[in-house]
There are 2 protein chains.
Amino acid sequence: MDDTDRRLLALLQEDATRSYAALGQAVGLSAAATHERVRKLREQGVIRRTAAEVDPAAVGKGVLAFVLVDATSWMGDSGAELAALPEIEEAHVVAGSASVLVKVRTSTTERLQDVLRGLYGIDGVSGTRATVVLDTLFERPVTP
Amino acid sequence: MDDTDRRLLALLQEDATRSYAALGQAVGLSAAATHERVRKLREQGVIRRTAAEVDPAAVGKGVLAFVLVDATSWMGDSGAELAALPEIEEAHVVAGSASVLVKVRTSTTERLQDVLRGLYGIDGVSGTRATVVLDTLFERPVTP
DNA sequence: AATGAAACCCGGCGGGT
DNA sequence: ACCCGCCGGGTTTCATT
């Protein structure tokens with residue numbers, strides 16, 4: 001993982017449809033060498049996958065909220081139950097006053113309410129504190 | 001935006017390197033028709049871009065935290081100042097007791113502290129409440 | 001680990017149904 | 001809108017250094 005790899009990662013994060021030739025030119029390498037480096041980055045798991053980024057609003061997911069979930073028991077093994085709620089985009093075990101933090105996207109606030117109801121249905125959950133997003137200033141990839 | 005489009009989106013979200021032929025076979029369409037549909041989805045902005053997903057830990061970003069930022073004045077126009085801190089991955093204006101919620105990835109907790117210091121340097125910021133992530137249960141794309 | 005050449009396959013585009 | 005067929009270019013591999 002040298003500096004060239006990091007530059008390649010940065011380029012692929014903003015547009016993974018670039019050709020290896022163009023990519024190589026940007027970092028001063030041949031297409032074949034570039035291909036080999038990227039292949040290794042995939043193999044090592046540095047590049048998890050290459051995915052299409054979908055606009056949430058365009059697929060009817062205009063409401064975004066972060067929900068702190070309080071629990072009376074350990075929730076670190078409740079991943080599957082949380083994943084069963086498809087509107088939950090991320091779930092993290094956190095330190096602090098809450099046990100889990102989830103990121104939720106729904107079509108409407110009514111549907112958000114349904115998700116909160118669903119959270120209460122999970123064993124040990126004793127409370128939720130939702131923070132509703134009014135406007136997203138920016139979302140960007142990690143800077144290697 | 002019919003059901004076929006949604007299936008295409010789901011497939012492209014999990015692997016955008018698939019060929020249009022394979023994609024078309026999965027939804028019962030020819031490669032050309034599939035290509036046309038995906039082109040339109042891009043044109044309409046439903047597909048924002050296709051990007052490589054990088055493992056944060058692999059690029060030395062092992063610490064994740066969500067920070068609620070309190071402010072004494074309106075922070076909805078502070079996007080640029082927040083974006084100037086490269087460790088901030090997302091920034092949202094929120095309803096509730098805080099004004100802004102940011103997602104921060106750093107190499108160490110010391111660096112996280114630096115980011116918090118940086119936040120206090122922004123005009124109007126009066127406080128921060130950080131929630132540190134111990135373990136990420138899952139992160140997945142939006143389900144169309 | 002990088003290069004250049006070569007084979008193969010895919011993306012992109014026309015025309016037609 | 002979808003399907004078929006063609007063509008240029010990119011991906012992918014291999015021998016070589």
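Chain naming here is simple, since letters A, B, ... match the order of the sequence lines and numbering starts at 1 in each. The analysis underlying the following values was restricted to heavy atoms, covering all of them including side chains, and did not include hydrogens, waters or symmetry mates.
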Can you tell whether the side chains of B:Arg49 and A:Asp55 come within less than 4.0 Å, N to carboxylate O? no
In DNA chain D, consecutive runs of at least three Watson-Crick or G-U pairs below 3.5 Å, as range with range, amount to C:1-10 with D:8-17, C:12-17 with D:1-6
List for me each residue that meets side-chain hydrogen bond (donor to acceptor under 3.5 Å, both in side chains) alongside A:His92, sequence neighbours excluded, and say none if there are none. A:Glu90, B:Thr136
Short N-O contact, B:Glu139 and B:Lys103, less than 4.0 angstrom: yes
Check side-chain hydrogen bond (donor to acceptor under 3.5 Å, both in side chains) between B:Glu14 and all other residues, then give those that pass, not counting sequence neighbours. B:Arg18
Scan nucleotides 15-17 of chain C against the protein and return all N/O pairs shorter than 3.5 Å with their distances rounded to 0.1 Å.
none

What's the closest nucleotide to the A:Lys40 side chain, out of D:dA1, C:dA1, C:dA2? C:dA1
For B:Ala33, answer base if it contacts any base atom (sugar-phosphate contacts may also be present), sugar-phosphate if it contacts only those atoms, and nothing otherwise; contact means non-hydrogen atoms under 4.0 Å. sugar-phosphate
Is any side-chain N of the basic residue among A:Arg7 and A:Asp2 closer than 4.0 Å to the acidic one's carboxylate O? no
Nucleotide D:dC4, atom C1' - distance to CD of B:Glu36 in whole Å: 15 Å
Sequence neighbours left out, what passes side-chain hydrogen bond (donor to acceptor under 3.5 Å, both in side chains) with A:Thr108? Give chain and number order. A:Glu110
In terms of hydrophobic clustering (I, L, V, M, F, W, Y; side-chain heavy atoms under 4.5 Å; direct or indirect links), are B:Ile88 and B:Leu112 co-clustered? yes
Is A:Lys40 paired with A:Glu43 through a side-chain N to carboxylate O contact shorter than 4.0 Å? no
Taking only Lys NZ, Arg NE, NH1 and NH2, and the carboxylate oxygens of Asp or Glu, determine whether A:Glu89 and A:Arg105 approach each other closer than 4.0 Å. yes
C1' gap between D:dC7 and C:dT17, integer Å: 22 Å
Whole-Å gap separating P (C:dG4) and CG (A:Leu29): 11 Å
Distance in Å, B:Leu134 CG paired with A:Leu101 CG, rounded so as to fall on 0.5 Å steps: 11.5 Å
Would you mind reading off the distance between A:Gln25 atom CD and C:dA2 atom P, rounded to a whole angstrom? 17 Å
Check whether any side-chain heavy atom of B:Leu82 lies under 4.5 Å from a side-chain heavy atom of A:Phe138, and answer yes or no. yes
Pull out every protein N or O sitting under 3.5 Å from an N or O of nucleotides 7-17 of chain D, one pair per line with the distance.
| from | atom 1 | to | atom 2 | distance (Å) |
| --- | --- | --- | --- | --- |
| D:dT11 | OP2 | A:Tyr20 | N | 2.9 |
| D:dT12 | OP2 | A:His35 | NE2 | 2.9 |

When the C1' atoms of C:dG15 and D:dG9 are compared, how many Å lie between them, rounded to an integer? 22 Å
